[in-house]
Amino acid sequence: MLMNKQKTICWPKIACLLMGIVALGLITACTDKLVTEENNPKRAWETFFGYVSDGDFVSAFDMTGSRLKVSSTDLDGELERCFLGKLSETCSYRFVSDTDAKGVKAWQQVEITTLDMRKLAVKVIPAVLQQTEAQIWEHGSYKTDEALMQGLKAALLDQLSEDCSDCLTMQRVKVEFHYKDGQWRPIMDAALYDAISGYAAHADQSVENAVKEYAAQRQNETEAVENN
C-alpha cells in the first residue's frame, strides 16, 4: 500500500514542537524580634501561595526577589494561560513542621499538591497526536511548521479543557525564607519552582517518550493492516 508523501507524519518534528510548547550578604539579628504574629514566614507563605492560587505567577515571583525570573510576556499566550489556570486550580498546601528561624533566615516544610506536567503529558499527548493526525489525513499535511504548531496547540487546548485531577502530584519542600526590608519573603529556588510549576522543566522527556510510543504503536498498526 503506497502512502501519499504529502501526508507523511514527521514524528521527531512534532516531538520538538510539543517540547517547545510545554516549556523561575546577610546580617545577624535576634530571631524573636523578627518573627511576630503579624509578620512571620507562614504569613509570607500564605501571601505567596495566594498569588499562585490566583494564577498570578508574576507577583509570586516578584515577591521572592527570585533567583529565577519569569516575565509577563512569557505567560500571555492562550496556551500558557490555560496551563497556568490548570496549575492554579489544582494547587494546595499544608504546613508539615514548625518554622525553624535563625536570625534573618528561616525554613518551613510545606507539602504542596499540584498538577504534574509529566503525568499530564503521558495522558494528553496520545490524544493530541490522534487529533492532529486525523486532521492531516482528512485535509492533507499542514503546509508549514507554524500551521502544525497551531494545530498542536488547538489539540492541546481541547485536552486541557478535560478533567486532569488524575494527574496530581504531592511533594514536600523545605522552603527557605529571608527577612529583608521589614518583611519575610520565600526564596524561589529550583525545588520550590519545580513544585509550583508541576515539574514543567522536566516534562520534555515525558513528551518525547509519549510521541515515540504513539509513533511506534501507529507503525505496528500499519504493518498489521498491510500484512493481512
*How long is the gap from CD on Gln159 to CD on Gln130, to the nearest 0.5 Å?*
9.0 Å
*Any side-chain heavy-atom pair of Leu120 and Cys164 under 4.5 Å*: yes
_Tyr199 with Met188, same ILVMFWY side-chain cluster at under 4.5 Å_ = no
*Please check if the side chain of Asn40 supplies one atom and the backbone of Glu37 the other of a donor-acceptor pair under 3.5 Å.*
yes
*Okay, side chain of Ser88, backbone of Gly85: is any donor-acceptor separation there less than 3.5 Å?*
yes
*asked:* For Leu160, is there any backbone N or O sitting under 3.5 Å from a side-chain donor or acceptor partner on Lys86?
replied: yes
*Can you tell me if CG on Asp166 sees more than 12 non-hydrogen neighbours from other groups inside 6.0 Å?*
yes
_Minimum heavy-atom distance Trp184-Val104, with the two atoms named_ = CZ3-O, 3.6 Å
_Pairing of Glu46 and Lys42 as salt bridge, 4.0 angstrom limit_ = no
*Could you pull out the closest heavy-atom pair between Cys167 and Lys123, with the gap in Å?*
SG-CD, 3.6 Å
*Indicate yes or no for a side-chain donor-acceptor contact from Ser97 to the backbone of Gln109 under 3.5 Å, with no hydrogens or angles considered.*
yes
_Whether Lys105 side chain and Glu176 backbone form a donor-acceptor pair below 3.5 Å_ = no
*Heavy-atom distance under 4.5 Å between the side chains of Met117 and Leu87, does that happen here?*
yes
*Hey, quick one: are Trp45 and Trp107 part of the same hydrophobic cluster, counting side-chain heavy atoms closer than 4.5 Å, chains of contacts allowed?*
no
*Grab the two heavy atoms, one from Lys119 and one from Leu168, that are nearest each other, plus how far apart they are.*
NZ-O, 2.8 Å
*Between atom SG of Cys91 and atom CZ of Phe49, what is the distance when rounded to the nearest 0.5 Å?*
4.0 Å
*Just wondering, do Val211 and Leu129 contact through their side chains at under 4.5 Å, heavy atoms?*
yes
_Testing the basics here: between Leu115 and Thr90, what is the closest heavy-atom pair and its distance to 0.1 Å?_
N-OG1, 3.3 Å
*Do the side chains of Tyr93 and Thr113 get nearer than 4.5 Å, heavy atoms only?*
no
*Okay, side chain of Arg185, backbone of Met63: is any donor-acceptor separation there less than 3.5 Å?*
yes
*When rounded to the nearest 0.5 angstrom, what distance separates NZ in Lys212 from CD in Gln219?*
15.5 Å
*Mind checking whether Tyr214 and Ile125 have side chains closer than 4.5 Å, heavy atoms only?*
no
*Can you find a heavy atom in the side chain of Phe177 that is under 4.5 Å from one in the side chain of Ile187?*
no
*asked:* If I take atom CZ from residue Arg43 and atom CD from residue Glu38, how far apart are they, to the nearest 0.5 angstrom?
replied: 6.5 Å
*Write down the atom of Pro41, the atom of Ala106, and the distance for their closest heavy-atom approach.*
CG-CB, 3.7 Å
*Is it the case that one hydrophobic cluster holds both Val124 and Val122, taking links as side-chain heavy atoms less than 4.5 Å apart, direct or via other members?*
no
*Work out which heavy atom in Ala195 is nearest to a heavy atom in Ile112; give both atom names and the distance.*
CB-CD1, 3.9 Å
_Residues Phe48, Ile196; criterion side chain to side chain contact (heavy atoms under 4.5 Å, CB included); working and verdict_ = CA-CA 11 Å; Phe48 167 79; Ile196 68 167; 4.0 Å; yes
